[in-house]
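Worksheet: the structure to be examined is printed underneath.
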Amino acid sequence: MLERLPATPPRLMHGLAMAAVVGQAGIAVTGAVVRVTGSGLGCPTWPECFPGSLVPVPHPEIAVLHQWVEFGNRLLGIALVLITGACLLAALNVRPRRGRLILLAATMPLGVVAQAVIGGVTVLTGLAWYTVAPHFLVTIPLIWLAVLLVRESSPAALATPPGTPWRPAVPQALRGLLAVTSVVLVALLVAGTLVTAAGPHGGDAATPRLEAVPLPTLATAHAHLLFAFLGLLVGVGFMAHAVTVPRAVILRFRVLVVLTLAQGALGGIQYALGVPELLVALHVLGAVVTVAAAAWLWSATAEPDPAPDPVDSPAPALAGRS
Ligand code: HEM
């Protein structure tokens, strides 16, 4: 049946991949907004918001804000199902077929299904922190994969023959350092979810909190991991400027540094102010944007490696002499 559909235009594929990045990041943020504003029951029924109404309606006991926050989260969830489904369909219809593109696109709807299951378990455990934290953390690989899908569907990638491998566009040592930096970023994010688990936004009022480690200790560990992350970024910066790298790497590196500094400042301010809801929601937005920026930087460190044209390539005996 797919064969009867017209081939996916490259720009459509690229646009859908970008929409997947926004959708995956956006659902994490709206989910956090639902949690910190206590809007989980803003729409008490499903799929209708209220019995007999698909959309919020004035209600004496449920605040309009809570209704719209929960309703907005539901709408974005539906949009994400549509976007990720369209991503996979579009990838299946790119001509000629590209296995890696299809594989990456398939992770998008699969991720949504996994998140739906974890979300269900989270509700069943009454928002227990050990389910809330993974629910957020699963978003991280999904955003990363969505950014790789953007690269895989870029005009440069689609212009190469299917199966073209990616080769490093920067020295391997730089990629290695960047990989270590990304692992520290993951630790920083995990620590952040543990701070939340021990704090006032770790579930509703009755949900037991993480008590094994005191909150200030967790917050300090979280902040120290930021310093480790920043330190490694400084190393990446020095290395990237010392060798020849594509301009995109330098540009994306700078974006990541600026976002990290802003996110760190926001984290400190929200801690000092007693974690007000608005700042916590912005901090979650900052976290997903930082992850997307790190993945964007990583994706610039490789480029398609088209097979050398036999006419242009040097004879084996001469190769490597220049
Ligand atoms: C790049 C730097 C940072 C990143 C990527 C980051 C990321 C995160 C993440 C993912 C969470 C969990 C959100 C959730 O589960 O809903 C979090 C929570 C938190 N972070 Fe950060 N963070 C950063 C820097 C900081 C800094 C420097 C502080 C200052 C101590 C800080 C303070 C907090 C606090 C207090 C929470 C708990 C908020 C709540 O009550 O839910 N963060 N952070």
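In each ligand, atom 1 is the first atom listed, and ligand 1 is the first ligand listed. All values below come from the heavy atoms of this structure, side chains included, with hydrogens, waters and symmetry mates left out. From a predicted model like this one, the values you see are computed outputs, not experimental measurements.
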Any sub-3.5 Å donor-acceptor pair from [X]'s side-chain atoms to [Y]'s backbone N or O?
X      : Y      : result
Thr131 : Ala128 : yes
Arg100 : Thr164 : yes
Arg252 : Ser299 : no

Under 4.0 Å from a heavy atom of [X]: which atoms of ligand 1 are those, numbered in the order shown and with their elements?
X      : answer
Val284 : 13 (C), 16 (O)
Arg35  : 14 (C), 15 (O), 16 (O)
Gly268 : 28 (C), 29 (C)
Phe136 : 10 (C)
Val280 : 39 (C), 41 (O)
Tyr271 : 35 (C)

Next item on the list: Look at atom 40 (O) of ligand 1 and say which protein heavy atom is nearest, naming residue and atom and giving the distance to 0.1 Å.
Entry: His201 ND1, 3.0 Å

Check: Listing residue and atom name, which protein N/O/S atoms are closer to atom 21 (Fe) of ligand 1 than 2.8 Å?
Finding: His222 NE2, His283 NE2

Notebook entry, point to check: Does a side chain donor of either Glu152 or Trp166 reach within less than 3.5 Å of an acceptor in the other side chain?
Noted result: yes

Notebook entry, point to check: Is any N or O atom of Thr260, backbone or side chain, closer than 3.5 Å to an N or O atom of ligand 1?
Noted result: no

Next item on the list: Run the contact test for Gly264 against ligand 1 with a 4.0 Å cut-off on heavy atoms, strictly below, and give the result.
Entry: yes

